[in-house]
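Protein chains get the first letters and strands the later ones, always in sequence-line order, with residue 1 at the start of each.
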Amino acid sequence: MSEKLDRLAACLEKKFKGRLLGLTQARGEITIQVAPDDWLPLARMLRDDPELGFEMLVDVCGVDYMAYGVTEWATEASSSEGFSRGVEAATFGRFTFDEAPAAGGHEGPRFAAVYHLLSISHNHRLRVRCFCPDDEFPVLPSAVEVWSCANWFEREAFDLFGIVFEGHPDLRRILTDYGFVGHPFRKDFPLVGHVEMRYDPEQQRVIYQPVTIEPRVLVPRVIRDDHRYLDDSAEETSADA
Amino acid sequence: MPEIRNYTLNFGPQHPAAHGVLRLVLEMDGEVVQRADPHIGLLHRGTEKLAESKPYNQSIGYMDRLDYMSMMCNEHGYCMAIERLLGIEPPLRAQYIRVMFDEITRILNHLLWLGTHALDVGAMTMFLYCFREREDLVDCYEAVSGSRMHATYYRPGGVARDLPDTMAQYQPSRWKSKADVAVLNKERQGGLLDFIEAFTERFPTKVDEYETLLTENRIWRQRTVGIGVVDPERALQLGFTGPMLRGSGVEWDLRKKQPYAAYDRVDFDIPVGVNGDSYDRYLVRMEEMRQSNRIIRQCVEWLKNNPGPVRVDDRKIMAPAREEMKADMESLIHHFKLFTEGYCVPQGEAYATVEHPKGEFGVYMISDGANKPYRVKVRPPGYVHLSALDEMSRGHMLADVVTLIGSLDIVFGEIDR
């Protein structure tokens with residue numbers, strides 16, 4: 001398995017010389033990073049090159065890296081007040097719209113699309129990550145003309161993250177309600193949402209109103225860096241397996 | 001000469017043949033479909049976002065509710081993604097249990113698909129027959145997890161508990177006499193494995209029964225042969241997986257090509273279609289049920305002969321046994337930490353995929369080292385298949401759209417997520 005991966009990695013490095021922004025191999029999977037301007041020509045090569053042969057686009061996943069590594073409970077020692085008082089509402093499960101943190105507290109570009117490719121002929125997989133250059137108005141080229149099934153996946157990433165795919169034939173919202181405002185999977189979009197819907201017996205129709213429920217996620221987000229998580233040996237061994 | 005215009009037809013969201021909450025806007029020319037525009041998302045619950053706000057183990061139950069017709073297969077994909085990030089491998093017995101329940105789930109799913117598909121096309125009897133067999137299989141779910149549908153049985157690092165030695169018994173009641181109960185309980189005297197074995201012995205004849213009703217049936221063939229033909233190249237372009245891809249003649253099954261759990265240790269065949277129409281997809285799925293039955297038999301035999309642990313022995317990931325927790329301070333601490341904070345998963349990303357009854361079900365998970373996933377993306381097979389409905393239904397009659405929806409085998413829990 002690992003030999004096969006090495007071969008694919010070498011092949012990618014040879015063919016895409018100078019156009020790969022990164023190539024990592026971990027846990028038996030290869031991830032490459034490409035620039036948005038290069039993405040379409042590279043995608044065509046990935047599909048048509050007989051040595052690569054990625055006939056199938058398996059998945060497109062939007063990612064918002066805004067809150068990567070953010071924790072809510074950094075207390076090192078317990079206090080007499082108990083631990084919950086040390087918790088900050090830093091992730092979307094714990095704040096409402098008014099308290100949402102301003103974007104820009106992170107390093108590097110915020111939005112990315114992650115493509116998973118599969119080659120039936122060679123039986124290998126590849127992950128391609130493409131960051132959007134502009135955080136305010138994330139744009140990526142659309143891969144629909146290379147793989148038809150990108151259509152709905154890109155509509156989904158647009159709907160949930162607001163990533164605009166240039167050249168998409170029909171970029172409409174797909175999963176959210178008709179007339180929905182905002183992009184719900186962004187990390188500054190609270191879990192309780194924006195508006196709620198109910199039937200109003202007086203007006204005899206369905207109305208939208210600001211949410212009345214409170215954020216109620218109880219478990220804080222923590223990152224433990226004790227000895228269990230310090231060594232990277234797990235990554236190396238599983239990459240070899 | 002009267003003016004003939006195209007008109008739009010609204011199909012669903014509340015329509016028995018829409019298999020849930022599909023709203024289909026059809027542009028019709030007479031009775032011929034010109035364009036189909038599926039409107040989905042009516043069942044969107046934000047599963048992925050919810051999973052990002054909870055410790056890893058608390059989202060296993062959400063996975064059941066994605067494709068609520070193949071519950072354990074969804075869990076399998078999710079648990080495998082976590083296991084890959086953690087770098088752990090469940091014990092072999094757990095792997096066999098997972099394979100067995102994946103295949104039970106496959107039969108469950110295909111039985112429901114067959115029943116509803118046939119019902120849509122006009123064969124009422126199938127539905128009743130299929131649900132008769134489903135009843136036994138959901139009993140197996142109940143025996144291991146206490147729940148007949150949303151099992152939450154798989155856990156990262158194994159399964160929740162070992163297979164039970166006894167089956168629940170029917171009790172006499174106002175509706176069931178003692179004699180009825182005795183018949184029902186006849187196969188429930190042994191353990192779960194005996195019950196499953198008895199099922200696998202009678203199931204192939206049941207599949208034959210279904211086939212006598214449909215395979216050569218003139219109406220069934222008129223309704224399915226040549227409907228929604230997809231050639232292999234197009235199937236790959238459209239991202240088809242599972243029976244949809246195999247129906248088009250592409251030999252591709254993750255259980256064979258990229259084996260996971262214990263699939264490389266069991267013997268089975270992969271049926272492949274020829275014409276890529278609804279009828280071939282039907283044949284593929286029927287044969288898959290027979291093959292699943294074969295796999296289950298092999299698993300039962302192995303599990304009977306090989307007792308052993310079903311959970312990894314790592315207290316930082318899997319909680320200790322209840323008895324241990326009551327007696328040992330350290331176990332109590334582990335238990336408390338696991339059920340409040342959960343475990344932290346090393347930084348990184350993983351894409352784990354299983355051969356789900358409907359196709360390739362993948363879970364892409366990004367971890368930033370926290371006790372909650374940073375991003376969970378579910379790759380639902382039905383979503384991709386439904387996106388091809390427009391192309392498949394063009395030029396077909398309105399009634400064929402119903403056949404196509406049945407043939408796609410879609411469930412809205414996974415499409416809308």
Side-chain angles (χ1 to χ4, degrees), chain A residues 26-29 31 55-59 61-65 67-71 91-94 114 116 118 120 123 125 127 147-153 156 159-160 173-178 184-185 187 189 191 193 217 219-225 228-229 232-235 237-238 241, chain B residues 37 39-42 44 46 48-50 52-55 58 84-89 233-234 236-241 245 250-252 257-258 316 340-351 353 360 362 364 366 368-372 374-375 377 379 383-384 386-388 391 416-417:
Chain A
R27 300 185 174 87
E29 295 172 311
T31 312
E55 304 98 345
M56 195 188 279
L57 174 71
V58 171
D59 187 29
C61 168
V63 188
D64 175 3
Y65 280 97
Y68 194 81
V70 169
T71 56
T91 61
F92 59 80
R94 289 174 161 264
V114 180
H116 284 93
L118 170 68
I120 300 268
N123 191 10
R125 288 176 186 273
R127 179 184 302 133
W147 295 285
S148 307
C149 63
N151 189 327
W152 276 28
F153 283 131
E156 182 189 329
D159 188 1
L160 303 178
R173 282 186 181 274
I174 187 160
L175 287 178
T176 49
D177 198 1
Y178 302 111
F185 277 32
K187 292 286 178 180
F189 193 101
L191 194 63
V217 169
V219 183
R221 185 184 179 83
V222 291
I223 295 181
R224 297 283 169 194
D225 43 14
R228 279 176 293 154
Y229 307 107
D232 294 319
S233 55
E235 193 150 317
T237 47
S238 60
Chain B
D37 180 18
H39 287 212
I40 62 167
L42 287 106
H44 178 62
E48 295 160 6
K49 180 122 177 156
L50 284 167
E52 286 162 26
S53 71
K54 286 182 171 28
Q58 292 185 20
R84 196 164 296 171
L85 281 168
L86 288 168
I88 55 170
E89 185 87 0
E233 289 75 37
R234 209 50 212 149
L236 290 173
Q237 260 288 308
L238 292 168
F240 280 11
T241 44
L245 185 61
V250 182
E251 281 176 59
W252 180 259
K257 304 281 180 178
Q258 300 176 355
K316 304 293 177 201
T340 51
E341 185 181 297
Y343 46 84
C344 290
V345 166
Q347 249 189 40
E349 49 191 348
Y351 178 75
T353 174
E360 172 174 333
Y364 173 47
I366 305 179
D368 58 352
N371 59 339
K372 304 174 181 183
Y374 185 73
R375 171 92 170 100
K377 170 72 165 67
R379 189 266 181 204
Y383 186 80
V384 189
L386 184 62
S387 71
E391 188 175 318
D416 294 345
R417 280 161 288 154

**Request:** Name the option with the most non-hydrogen atom pairs under 4.5 Å to chain B; the candidates are A/T31, A/L118, A/D159, A/D59.
**Result:** A/D59
**Message:** For A/E55, which atoms come within 4.5 Å of any heavy atom of chain B: side chain, backbone, both, or neither?
**Reply:** both
**Fill in**
Checked B/A350, B/G342, B/G362 vs chain A; the most non-hydrogen pairs under 4.5 Å come from B/A350
**Request:** Among the options B/E349, B/E341, B/Q258, pick out the one with the most heavy-atom pairs lying under 4.5 Å from chain A.
**Result:** B/E349
**Request:** Indicate yes or no: at least one non-hydrogen side-chain atom of A/E29 is less than 4.5 angstrom from one of A/R127.
**Result:** yes
**Face-on cation placement of B/K377 at A/F153 ring, 6.0 Å and 45° thresholds** = no
**Heavy-atom side-chain contact between B/L86 and B/Y343 under 4.5 Å** = yes
**Request:** Examine whether an atom of A/Y178 lies under 4.5 Å from a heavy atom of chain B, and if so say whether it belongs to the side chain, the backbone or both; otherwise answer neither.
**Result:** side chain
**Request:** Under the side-chain hydrogen bond (donor to acceptor under 3.5 Å, both in side chains) rule, collect the residues that match up with B/R417, sequence neighbours excluded.
**Result:** A/E156, B/E48
**Message:** Please classify the contact between A/V217 and chain B as side chain, backbone, both or neither, with a heavy-atom cut-off of under 4.5 Å.
**Reply:** side chain
**Asked** For the candidates B/L386, B/V384, B/L42, B/I88, which exhibits the highest count of non-hydrogen atom pairs separated by less than 4.5 Å from chain A?
**Response** B/L386
**Prompt:** Do the side chains of B/Q347 and A/Y68 get nearer than 4.5 Å, heavy atoms only?
**Reply:** yes
**Asked** Considering only heavy atoms, which portion of B/E52 lies under 4.5 Å from any heavy atom of chain A: side chain, backbone, both, or neither?
**Response** both
**Message:** Taking the side chain as everything from C-beta on, heavy atoms only, tell me whether A/N151 gets closer than 4.5 Å to B/S387.
**Reply:** no
**Asked** If we only count heavy atoms from C-beta on, is the A/C61 to B/R375 side-chain gap below 4.5 Å?
**Response** yes
**Prompt:** Are side-chain heavy atoms of A/V70 and A/I223 found at a separation under 4.5 Å?
**Reply:** no
**Message:** Given heavy-atom pairs under 4.5 angstrom as the criterion, report whether the side chain, backbone, both or neither of B/F240 touches chain A.
**Reply:** backbone
**Asked** Which bit of B/Y374 is near chain A, if near means a heavy-atom gap under 4.5 Å: side chain, backbone, both or neither?
**Response** both
**Prompt:** With a 4.5 angstrom heavy-atom cut-off, which part of A/R173 approaches chain B: side chain, backbone, both or neither?
**Reply:** neither
**Request:** Tell me, for B/T340 versus chain A, whether the close heavy atoms (under 4.5 Å) come from the side chain, the backbone, both or neither.
**Result:** backbone
**Request:** Run the salt-bridge test on A/R125 and B/E360 with the 4.0 Å N-O cut-off and return the result as yes or no.
**Result:** yes
**Prompt:** With a 4.5 angstrom heavy-atom cut-off, which part of A/A150 approaches chain B: side chain, backbone, both or neither?
**Reply:** neither
**Fill in**
Interface check, chain A: of B/K54, B/H44, B/K372, most non-hydrogen pairs under 4.5 Å belong to B/K372
